[in-house]
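Here is the structure we will look at, set down as structure tokens.
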Amino acid sequence: MGESERSAHTGINLVRTRRLWVAVALGVATLLVAGWATVGDKWPWSRLPDRVCWGSVDRSVLTEAAPPGDGSWKVTEGKDHWGDPECTVRRGDWQLSTTVMKTPLKSHLWWDLGRIPLPHDLPGMIKTNGDRVDGWLHLPQCPSKLVNVDVPGAKADPRAAADLAARTLLAVGNARIAECGGKPFPVPKSFDWPALKPVRPAAGEPPCGVADAATVRKWAGGEVTRLGAFDDAPISRCSVLQDGEDELDLGLFSAVVLRDRATVDAFSPTGVRAEVPVSAGRPLHLTAEALRYDRDAVTALMCAEGPGSRYVHVYASGTDAQYAAIKRAVLTKVATTMNCP
């Protein structure tokens with residue numbers, strides 16, 4: 001082979017080699033990008049897409065909630081270590097997370113997951129802890145599903161953080177409900193939150209409507225404040241706190257009332273332990289079993305005639321006798337709201 005032929009042949013080989021390496025590099029890059037997308041769908045954006053987290057959360061909800069800044073957004077859609085769908089939205093130190101969980105949750109201390117029920121007849125609750133708000137929404141329209149969110153901003157503006165938690169719960173929840181073929185929850189223009197901090201009852205007002213004020217103060221050994229109220233919502237909660245306690249404390253007593261058995265089964269690992277019949281104008285027949293400490297179970301109040309039920313969990317401090325007295329007063333109060341025949 002002549003010198004010129006060897007040079008030409010060598011040149012062709014170099015071109016082929018370069019092309020091969022370019023093809024290999026492109027293939028590796030493609031695999032890395034595909035793997036990145038498959039593992040976490042994590043992408044940096046200077047501007048969010050119209051909807052994130054499985055196409056459910058509107059961009060405006062996030063951009064209005066996050067503090068102003070030039071940092072890139074990062075969205076991760078994947079699964080947590082239980083295999084539940086999980087999405088995280090982050091810009092700098094600001095982070096929102098949401099998970100669609102399988103039920104029954106079977107969570108120990110499930111009754112302590114939320115302090116403030118969601119308004120507008122929604123079967124869920126929120127809880128503030130430091131600068132974050134944790135929220136839960138049961139999806140009765142979908143078999144075995146509930147949504148959890150964890151959002152920031154509670155210290156700067158507690159109501160805005162509560163709004164963000166509620167809007168994210170509804171956005172993710174309604175997207176899942178659409179997949180299930182169910183009727184979505186209505187989305188209110190604004191949220192009518194009750195007091196997010198404890199308030200002192202008016203003079204002579206029975207705290208949570210339970211017993212009389214003097215008896216409750218005697219149980220507490222001093223002045224008390226109240227957080228929440230019992231009503232006909234899917235989930236209601238009322239707590240009586242002792243002097244110096246805040247919304248994170250369980251206080252003298254704290255009772256959660258659930259309207260539907262499906263919501264009980266979604267959260268509680270134990271379910272119903274005792275049933276108590278309720279009839280209008282008649283005192284409750286409360287056995288020793290019904291007045292025992294609830295732990296992770298609930299006590300069911302059932303209309304003796306016709307439909308109607310409430311599922312009550314009572315936490316109370318003090319002795320067994322004091323717990324029984326408080327639980328009797330709570331069950332009696334809740335029974336009066338049921339309108340049983």
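No experiment lies behind these values; they were computed from the predicted model shown.
Residue Phe230 is not grouped with residue Trp193 when hydrophobic side chains (ILVMFWY) are merged at heavy-atom distances under 4.5 angstrom, including chains of intermediate members. Residues Val256 and Leu169 do not share a hydrophobic cluster, defined by chaining ILVMFWY side chains whose heavy atoms lie under 4.5 Å apart. No single ILVMFWY cluster, assembled from side-chain heavy atoms under 4.5 Å apart, contains both Val187 and Leu146. In the hydrophobic clustering of this structure, Val314 does not group with Leu227; members are Ile, Leu, Val, Met, Phe, Trp, Tyr whose side-chain heavy atoms approach within less than 4.5 Å, directly or through other members. Following chains of ILVMFWY side-chain contacts shorter than 4.5 Å, one can reach Val149 starting from Val57, so the two form part of one hydrophobic cluster.
Remark: Asp84 does not engage Lys79 in a salt bridge, criterion side-chain N to carboxylate O under 4.0 Å. Salt bridge annotation for Lys106-Asp296: absent, with no cationic side-chain nitrogen under 4.0 angstrom from a carboxylate oxygen. A salt bridge does not link Lys155 to Asp131: none of the charged side-chain nitrogens sits closer than 4.0 Å to a carboxylate oxygen. Salt bridge status for Arg259 with Asp121: present, with a side-chain N to carboxylate O gap under 4.0 Å.
For Gln322 (side chain) and Trp219 (main-chain N/O), a donor-acceptor pair under 3.5 Å exists by modelled atom type. A donor-acceptor pair under 3.5 Å links the side-chain atoms of Asp157 to the main chain of Ala160, judged by distance alone. Counting only distance, with no hydrogens or angles, the side chain of His120 and the backbone of Ser190 share a donor-acceptor pair below 3.5 Å. Side-chain atoms of Thr287 come within 3.5 Å of backbone N or O of Ala290 as a donor-acceptor pair. A donor-acceptor pair under 3.5 Å links the side-chain atoms of Lys327 to the main chain of Arg292, judged by distance alone. Glu245 places a side-chain N or O within donor-acceptor distance of the main-chain N or O of Gln242, the cut-off being under 3.5 Å. With Asn174 contributing its side chain and Pro184 its backbone, the two residues share no donor-acceptor pair below 3.5 Å. A donor-acceptor contact shorter than 3.5 Å is absent between the side chain of Glu247 and the backbone of Lys197. Proximity of a side-chain donor or acceptor of Ser254 to a complementary backbone N or O of Leu250 within less than 3.5 Å is not detected. Here the side chain of Gln141 pairs a donor or acceptor atom with the backbone of Lys183 at under 3.5 angstrom.
When all heavy atoms of Cys87 and Glu77 are compared, the pair lying nearest together is SG-CG, 3.9 Å. Contact detail for Ala304 and Pro277: the closest heavy-atom pair is CB-CB, 4.3 Å. Contact between Pro207 and Phe253 at its shortest, heavy atoms only, is O-CZ, 4.4 Å. Contact record, Ala297 with His313: O-CD2, 3.1 Å, taken as the closest heavy-atom pair. Residues Ala65 and Trp94 share a closest heavy-atom pair of O-NE1, 3.7 Å. Nearest heavy atoms, Cys340 versus Ala280: O-CB, 3.1 Å.
Rounded to the nearest 0.5 angstrom, Asp265 CG and Thr270 OG1 are separated by 11.0 Å. Note that CD1 of Ile126 and CG of Leu113 are 13.0 Å apart. Values are rounded to the nearest 0.5 Å. From Ser236, atom OG reaches atom CG of Asp231 across 5.0 Å, with rounding to the nearest 0.5 Å. Separating the NE2 atom in His108 from the OG atom in Ser268 is a distance of 11.5 Å, to the nearest 0.5 Å. Between the CZ atom in Arg261 and the CZ atom in Arg310 there is a gap of 15.0 Å [rounded to 0.5 Å]. A distance of 13.5 Å separates NZ of Lys145 from CG of Leu137, quoted to the nearest 0.5 Å.
Asp294 and Trp111 share no donor-acceptor pair across their side chains, judged by distance under 3.5 Å alone. Side-chain contact check for Thr263 and Asp260: no donor-acceptor pair (N or O, by modelled atom type) lies under 3.5 Å. Side chains of Asn148 and Asp134: a donor on one and an acceptor on the other come within 3.5 Å.
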Could you walk me through whether Tyr315 and Leu252 pass the side chain to side chain contact (heavy atoms under 4.5 Å, CB included) test, one step at a time?
CA-CA 8 Å; Tyr315 165 88; Leu252 173 66; over 6 Å; no
Verdict with reasoning, Leu331 to Arg328, per side chain to side chain contact (heavy atoms under 4.5 Å, CB included)
CA-CA 5 Å; Leu331 293 176; Arg328 179 185 294 276; over 6 Å; no
Would you sort out whether Ile116 and Leu196 count as a side chain to side chain contact (heavy atoms under 4.5 Å, CB included), showing the intermediate values?
CA-CA 7 Å; Ile116 307 294; Leu196 299 179; 4.1 Å; yes
Phe191 and Arg159: CA distance, side-chain angles, deciding distance, side chain to side chain contact (heavy atoms under 4.5 Å, CB included) verdict:
CA-CA 9 Å; Phe191 290 90; Arg159 288 185 179 270; over 6 Å; no
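Each of Val257, Leu284, Val278, Val210 was scored for a side chain to side chain contact (heavy atoms under 4.5 Å, CB included) with Val334, with one residue passing: Val257. Of the listed residues (Val240, Val224, Asp249, Leu241), just one forms a side chain to side chain contact (heavy atoms under 4.5 Å, CB included) with Pro198, and that residue is Leu241.
Looking only at side-chain heavy atoms (C-beta outward), Met101 and Trp136 come within less than 4.5 Å of each other. Between Met338 and Cys303, some side-chain heavy-atom pair lies under the 4.5 Å cut-off. Looking only at side-chain heavy atoms (C-beta outward), Pro104 and Phe267 stay at 4.5 Å or farther from each other. Proximity of Leu96 to Leu164: side-chain heavy atoms (C-beta onward) are separated by under 4.5 Å at one or more points. At a threshold of 4.5 Å between non-hydrogen side-chain atoms, the residues Leu301 and Ser309 do not count as touching. Counting only heavy atoms from C-beta outward, the side chains of Arg226 and Cys208 approach each other to under 4.5 Å. With a 4.5 Å cut-off on side-chain heavy atoms, Phe185 and Ile177 count as touching. Residues Asp80 and Thr99 are in side-chain contact: their nearest non-hydrogen atoms beyond the backbone lie under 4.5 Å apart.
For the pair Arg176 and Trp54, the cation-pi criterion (under 6.0 Å, within 45° of the ring axis) is fulfilled.
In this structure, Asp320 places its CG atom where only 12 or fewer heavy-atom neighbours from other residues, nucleotides or ligands lie under 6.0 Å away. Within a 6.0 Å radius of CZ in Arg200, more than 12 heavy atoms belonging to other residues, nucleotides or ligands are found. Atom CZ of Arg59 sits in a crowded spot, with more than 12 heavy atoms from other residues, nucleotides or ligands closer than 6.0 Å.
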